[in-house]
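Worksheet: the structure to be examined is printed underneath.
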Amino acid sequence: MSEPAGFGGPAEGEWRRLDRRTLLVTVVIMVGVVIGAGVPAAVGMAGGLGPLKAIGWVSAGAVLLIVCGTGGDYIRWRRTRYRIGPERAELHTGLFLLKRRSLARERIRSVDLTAHPLLRVLGLVKVRIGTGEQTGAGESTLELDPVTRAEGERLRRELLDRAPAKSGAHGDGTLASFDRRWIRYAPLSFAAPLLGASAAGGLVQLSDWFGLQLRLFSWLGDYFRAVSILWGSLVLLAVLALVGTIGALGLWIEMWWNYRLERERGRTLRVRRGLLTSRSVSIEERRLRGVELVEPLGVRMAGAARVDAVATGFAQEEEDMRSDKKTLLPAAPRALADAVAAQVLREPVSPTSSVTLIPHPRAARGRRLRWSVAYALLPVVILAVLGLLLTDVLLSIAAVCAVILLPVAVLFALDAYRNLGHGLSGRYLVARSGTVRRATVALQRGGVIGWTVRQSYFQRRAGLLTLTATTAAGEGAYHVYDAARGEGLAFADEAVPGLLAPFLEPDPDETPWETGT
């Protein structure tokens, strides 16, 4: 068995082990877990057993946990080996049940590197090698955790550098890099209110751990008795908003500090980012089927947008679903987002900005107005009914809600209608929709493998339909909502000639498309 990666260049096809410093990493992590869980446990047990006995029991459990965790990781290290041969990448691991996993090299589509702060201090990385196939149970990935950073970079270059670089207007090099001015968009995302609410829940949970929950609620009661409910609520909301804003800023900085988008030789896009935990994500250009400009409401009002890749090979595993692997550019000025999209697609101008989108019929506006008003009236009606049954106070609250929610609902509906649009731009079809989260997708027409045409009963009466372009990339389906029936079918036929032609002249006694609500 050879020495761990990093002690000289390995021969092709040579079996190698993970870095032995994985044991040190496990010990440090287990100690952190023990301290984080042991202190509250000791405090809680001290009331019944006394401080000394509580500390003794917790310490014994901590030692047992650290020894078992480290021993398990030692066995994993001893029983894990990998090699990169001329045809396949292989991983063998397991004690009683030996697991052998093998990936054909020509099918490998991604080699992603991740390193949390402890790995970075030790010069190690976790390498995730994937084919992008959605086979489930991790069968399409190999995970090497950890190897040296030099070994991780070697694996990434060796497995992805298949084609010679091509010169041109969009050659190799940096396409975008970190700009401190982008930080101002962090508080405008939906993360800020969510983090504020999480902070409130965390405070309640923490007070429960230390037996202070009743005191916390008593303090809140005294606070609201000392001030008006309206003023007290506004102050608390302001505090939560401030906490959420600070949290959103910290989260954004951790995720996107040192960001860089590069095109490397071999026609590979590489995104590197991260302050404490470094991340490196690679996307082969041959997997790329388009881009999507995403504009959450707050970010859009500030004139910014995010750029996501529409690419094949993003495995729909739990870890991938939580990550931002497809994001090529964080929220940045819209002009820069369009420029980056154009460079990524190797187009002189981004399809998301080079085409005038076809507006949708007024009937689509009516549908959005009706749905928005209905959603706004639902809580009003519920409060009104409860007010008639219980107390007049709820009637007053219902009236206030109606005055606030109805105008907001109408504004959102009108904005949603204005954002509807579709069109063709060279090799791409473009579709836009959404208001709270407006998204504009530019999808390669050659990447569309099918169309689904849906009409509800009310859409048929209004002469509308919803087109869904099916593709193997990105989310798998992209929608054109509430387009005019004739114009929408003509658009689909022009975008991908011949695919929809058999259904353009329907049998008069049959509905040729799938119907839905």
Side-chain angles (χ1 to χ4, degrees), residues 4-6 16-39 62 65-77 80 82 91 93 110-130 138 141-157 159 178 183 186 191 194-195 198-199 202 246-262 270-283 314-315 317-328 330:
R16 304 184 65 79
R17 282 183 179 166
L18 304 177
D19 195 283
R20 59 170 58 93
R21 285 172 291 177
T22 181
L23 303 178
L24 176 60
V25 174
T26 300
V27 170
V28 174
I29 292 176
M30 295 302 294
V31 169
V33 170
V34 164
I35 293 175
V39 172
L65 185 63
I66 292 174
V67 170
C68 291
T70 306
D73 195 55
Y74 174 77
I75 294 174
R76 180 186 70 91
W77 174 74
T80 300
Y82 69 94
L91 175 69
T93 188
S110 63
V111 181
D112 301 330
L113 312 181
T114 306
H116 54 70
L118 182 56
L119 289 181
R120 294 183 66 179
V121 169
L122 297 175
L124 305 174
V125 294
K126 179 173 72 173
V127 180
R128 186 181 177 91
I129 303 169
T141 61
L142 301 181
E143 194 168 280
L144 310 179
D145 183 17
V147 298
T148 63
R149 176 168 291 278
E151 172 71 355
E153 291 290 345
R154 183 191 70 81
L155 290 171
R156 195 187 66 83
R157 290 192 301 268
L159 293 173
F178 179 77
I183 298 177
L194 291 177
L195 290 173
S198 299
I246 294 173
L249 288 171
L251 180 63
W252 192 96
I253 291 172
E254 155 59 17
M255 291 180 62
W256 294 105
W257 197 263
N258 295 324
Y259 158 83
R260 185 176 296 272
L261 171 63
E262 300 169 310
R270 185 183 188 186
V271 178
R272 288 189 283 186
R273 58 187 175 87
L275 178 62
L276 300 178
T277 299
S278 64
R279 302 169 180 86
S280 170
V281 179
S282 300
I283 302 175
F314 283 120
E317 298 175 15
E318 185 178 358
E319 179 177 338
D320 294 324
M321 294 292 285
R322 293 196 306 264
S323 67
D324 296 308
K325 286 189 173 183
K326 64 181 180 180
T327 300
L328 299 175

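Keep in mind that the numbers below use all heavy atoms, side chains included, and drop hydrogens, waters and symmetry copies.
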Thr22 and its side-chain hydrogen bond (donor to acceptor under 3.5 Å, both in side chains) partner, picked from Asp73, Asp145, Thr80: Asp73

Heavy-atom side-chain proximity of Val125 to Val147 below 4.5 angstrom: yes

Working for side chain to side chain contact (heavy atoms under 4.5 Å, CB included), residues Leu122 and Asp19: CA-CA 11 Å; Leu122 297 175; Asp19 195 283; over 6 Å; no

Min side-chain heavy-atom separation Arg270-Ser280 under 4.5 Å: yes

Student check: side-chain heavy atoms of Thr148 and Arg21 closer than 4.5 Å: yes

Ring-ring centroid check Phe178 Trp256, cutoff 6.0 Å: no

From Leu276 atom CG to Leu118 atom CG, the distance as rounded to the nearest 0.5 Å: 12.0 Å

Atom of Leu195, atom of Gly247 and distance for their closest heavy-atom approach: CD1-C, 3.3 Å

Minimum side-chain heavy-atom gap Leu91-Ile129 below 4.5 Å: no

Rounded distance [0.5 Å steps], NZ in Lys126 versus CG in Leu18: 12.5 Å

Minimum side-chain heavy-atom gap Val127-Glu151 below 4.5 Å: no

Any side-chain heavy-atom pair of Thr277 and Pro117 under 4.5 Å: yes

Interatomic spacing from CG in Leu159 to CZ in Arg154 - rounded to 0.5 Å: 8.0 Å

Over-ring placement of Arg17 relative to Trp77, 6.0 Å and 45° cut-offs: yes

pair Arg128-Thr141: side-chain heavy atoms closer than 4.5 Å: yes

Stepwise side chain to side chain contact (heavy atoms under 4.5 Å, CB included) check, Asp112 with Arg279: CA-CA 7 Å; Asp112 301 330; Arg279 302 169 180 86; over 6 Å; no

Atom pair CD1/CE of Ile66 and Met30 - distance to nearest 0.5 Å: 6.5 Å

Non-hydrogen side-chain atoms of Leu155 and Leu144 separated by less than 4.5 Å: yes

Gap separating the CZ atom of Arg76 from the OG1 atom of Thr26, nearest 0.5 angstrom: 6.5 Å

Donor-acceptor contact below 3.5 Å, side chain Arg149 vs main chain Gly123: no

Heavy-atom pair of closest approach, residues Leu119 and Pro146: CD2-CB, 4.0 Å

Separation of Lys325 NZ from Ser282 OG (nearest 0.5 Å): 10.5 Å

Pair Tyr259-Val271, side chain to side chain contact (heavy atoms under 4.5 Å, CB included): steps then yes or no: CA-CA 7 Å; Tyr259 158 83; Val271 178; 4.0 Å; yes

